Amino acid sequence: MRTTVGIIGAGPAGLLLARLLHNAGIDSVVLETRDRAYVEQRQRAGILEQGTVDVLREAGAAARMDREGIPHDGIELRFDRRRHRVDFPALTGGRSVMVYAQTEVCKDLIALQLAAGGPLLFEAEALAVEGAGTEQPRVRFRHQGREDVLECDYVVGCDGSWGVARKAVPADVSRVFERTYPYGWLGILADVPPSHDELVYARHDRGFALLSMRSPTVTRAYLQVPADTDAADWGDEEIWDELDRRLETDDAWTLKRGPITAKSVTPMRSHVHEPMRHGRVFLAGDAAHIVPPTGAKGLNLAVGDVVTFARALVERRDTGSDARLEAYSATCLRRVWQAERFSYAMTTMLHRAPGATPFDDRIQFAQLDRITTARSAEADLAESYTGFPLD
Ligand code: RFL
Ligand code: PHB
């Protein structure tokens with residue numbers, strides 16, 4: 001098999017890249033190790049930055065998002081039983097975000113890709129990427145019990161944090177930057193309308209809580225828990241009681257409870273692999289970087305990477321210049337480290353680490369006090385949350 005761009009992974013990064021290339025008249029093949037149902041149901045992100053929304057619209061992949069997505073003009077910070085709303089458009093000159101689940105973004109992109117007849121192979125596991133330093137890199141893969149080779153001009157590893165593409169970057173040029181947090185998130189989905197019309201991020205002495213949503217009838221919520229927690233150890237009423245405690249306010253706000261339909265625990269870590277390119281092999285999305293979910297940046301960074309790659313490849317085709325492809329890693333890493341900084345700051349401001357001292361608590365309150373009283377600090381949060389324009 002032969003193609004211009006071999007894409008490993010049909011998460012948001014790989015699927016959107018295939019769409020952007022198709023729109024530009026460049027052929028690609030997507031290899032995905034899982035089946036279609038698994039990819040379409042994996043519960044993950046919920047917030048699309050302004051730039052991501054714009055890219056999906058330009059790519060012709062936003063029809064359902066524009067009907068069913070819920071635009072949000074702010075978030076609420078909760079601490080010390082107080083509530084503070086961060087007004088995004090007022091602080092950023094009109095930027096906002098959209099609540100539209102990653103599962104739905106993936107469903108929409110898969111449907112478009114298959115309708116366009118674009119090769120998207122499910123249950124096709126990439127085994128290795130070879131010849132990264134040559135003009136013709138190859139992906140060895142297994143599909144329907146048979147091994148095959150995909151010959152490419154470029155390979156883009158969109159294969160997530162456990163993928164194989166990263167191994168194509170030799171160890172002696174790779175650097176990994178990492179931090180593991182001493183807690184995780186217990187996430188739930190529940191058949192009950194959201195208890196607030198925007199997302200609520202709460203700092204509490206018992207730990208962080210986040211109230212989010214998937215639709216006008218489905219609540220998504222998270223609780224900070226020890227990293228080694230088994231979700232099955234938490235009973236449904238216990239989860240609602242804990243959310244109630246951590247989200248409590250001095251006013252008449254109440255938490256709506258309903259049947260919990262899914263529960264899982266996610267570990268929290270920050271991880272960056274540098275560089276994001278070796279020869280003709282490029283890394284995009286979680287394959288190159290992980291952020292803790294507190295800043296809602298993971299999916300949006302994945303979108304940024306593939307937009308940068310697609311624009312660089314179109315420039316190469318149209319002008320013959322490799323300059324943007326060669327700058328790919330540096331261009332993406334600048335954005336990645338801004339997202340790492342923001343996600344780290346949000347995480348450490350809102351979570352209570354085991355062994356946190358009264359000094360640590362006071363620093364958290366001072367940070368929250370600053371954001372809720374100094375417009376410059378609040379604008380910095382709003383700009384980072386809604387995302388910086390893509391270059
Ligand atoms: P994905 O989505 O992990 O997709 C990688 C795909 O590659 C496949 N794969 C392979 N295919 C072929 N051969 C191989 N050898 C392969 N190895 C792997 C996998 O099966 C998979 O289909 O990576 P991608 O595309 O880079 O997308 C990244 C996002 O999924 C991720 O960053 C976000 O979900 C992170 N995230 C959030 N991001 C946001 O922007 N906003 C949020 O609100 C948000 N909330 C979250 C999140 C992640 C969470 N978890 C579970 C980690 C909330 C949670 C709880
Ligand atoms: C979600 O709805 O899944 C979500 C929202 C905001 C975050 C993380 C996750 O920061």
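Everything numeric here is computed off the predicted structure, so don't read it as measured data. Ligands are counted one by one from 1 in listed order, and the atoms in each one are counted from 1 as well.
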Task: 4.0 Å heavy-atom contact, Gln43 with ligand 2 - done: no
- [ ] May I ask whether Leu210 places a heavy atom under 4.0 Å from ligand 2?
- [x] yes
Would you say the side-chain atoms of [X] and [Y] include a donor-acceptor pair closer than 3.5 Å?
X      : Y      : value
Gln338 : Arg341 : yes
Arg203 : Tyr201 : no
Asp191 : Thr261 : no
Asp286 : Ser161 : no
Ser28  : His22  : no

N/O of [X] under 3.5 Å from N/O of ligand 1, yes or no?
X      : result
Trp162 : no
Asp286 : yes
Arg220 : no
Ala296 : yes
Ala13  : yes
Glu125 : no
Tyr222 : no
Gly298 : yes
Gly285 : no
Pro12  : yes

Can you name the atoms of ligand 2, numbered from 1 with element, that are less than 4.0 Å from a heavy atom of [X]?
X      : result
Trp185 : 8 (C)
Leu199 : 5 (C), 6 (C)
Pro293 : 7 (C), 8 (C), 10 (O)
Ile47  : 5 (C), 6 (C)
Arg44  : 3 (O)
Thr294 : 10 (O)

Open item on the list: If you count every heavy atom of other residues, nucleotides or ligands that lies below 6.0 Å from Tyr344 atom OH, does the total exceed 12?
Closed with: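 No - once you tally the heavy atoms of other residues, nucleotides and ligands closer than 6.0 Å, there are 12 at most.
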Task: Enclosure of Arg64 CZ (heavy-atom neighbours >12, cutoff 6.0 Å) - done: yes
Open item on the list: Is Arg42 close enough to touch ligand 1? Criterion: a residue heavy atom under 4.0 Å from a ligand atom.
Closed with: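 The answer is yes, since Arg42 has a heavy atom less than 4.0 Å from ligand 1.
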Open item on the list: If the contact criterion is a heavy-atom separation under 4.0 Å, does Ser161 count as touching ligand 1?
Closed with: no
- [ ] Give yes if a backbone or side-chain nitrogen or oxygen of Tyr385 is under 3.5 Å from a nitrogen or oxygen of ligand 2, and no if not.
- [x] no
Task: Short N or O distance, Gly295 and ligand 2, threshold 3.5 Å exclusive - done: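 Between Gly295 and ligand 2 (N or O atoms, distance only) the closest approach is not under 3.5 Å.
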Closest to [atom] (judged by heavy-atom distance), picking from [options]:
atom                    : options                        : value
atom 2 (O) of ligand 2  : Ala221, Pro292, Ser343, Ser212 : Ser212
atom 30 (O) of ligand 1 : Gln102, Glu32, Gln43           : Gln102
atom 43 (O) of ligand 1 : Gly11, Gly14, Gly46            : Gly46

Task: Partner of Glu125 by salt bridge (Lys or Arg N to Asp or Glu O under 4.0 Å), out of Arg142, Arg34, Arg146 - done: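 Testing Glu125 for a salt bridge (Lys or Arg N to Asp or Glu O under 4.0 Å) against Arg142, Arg34, Arg146 leaves exactly one candidate, Arg142.
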Task: Side chain, backbone, both or neither: the part of Arg214 lying under 4.0 Å from ligand 2 by heavy atom - done: side chain
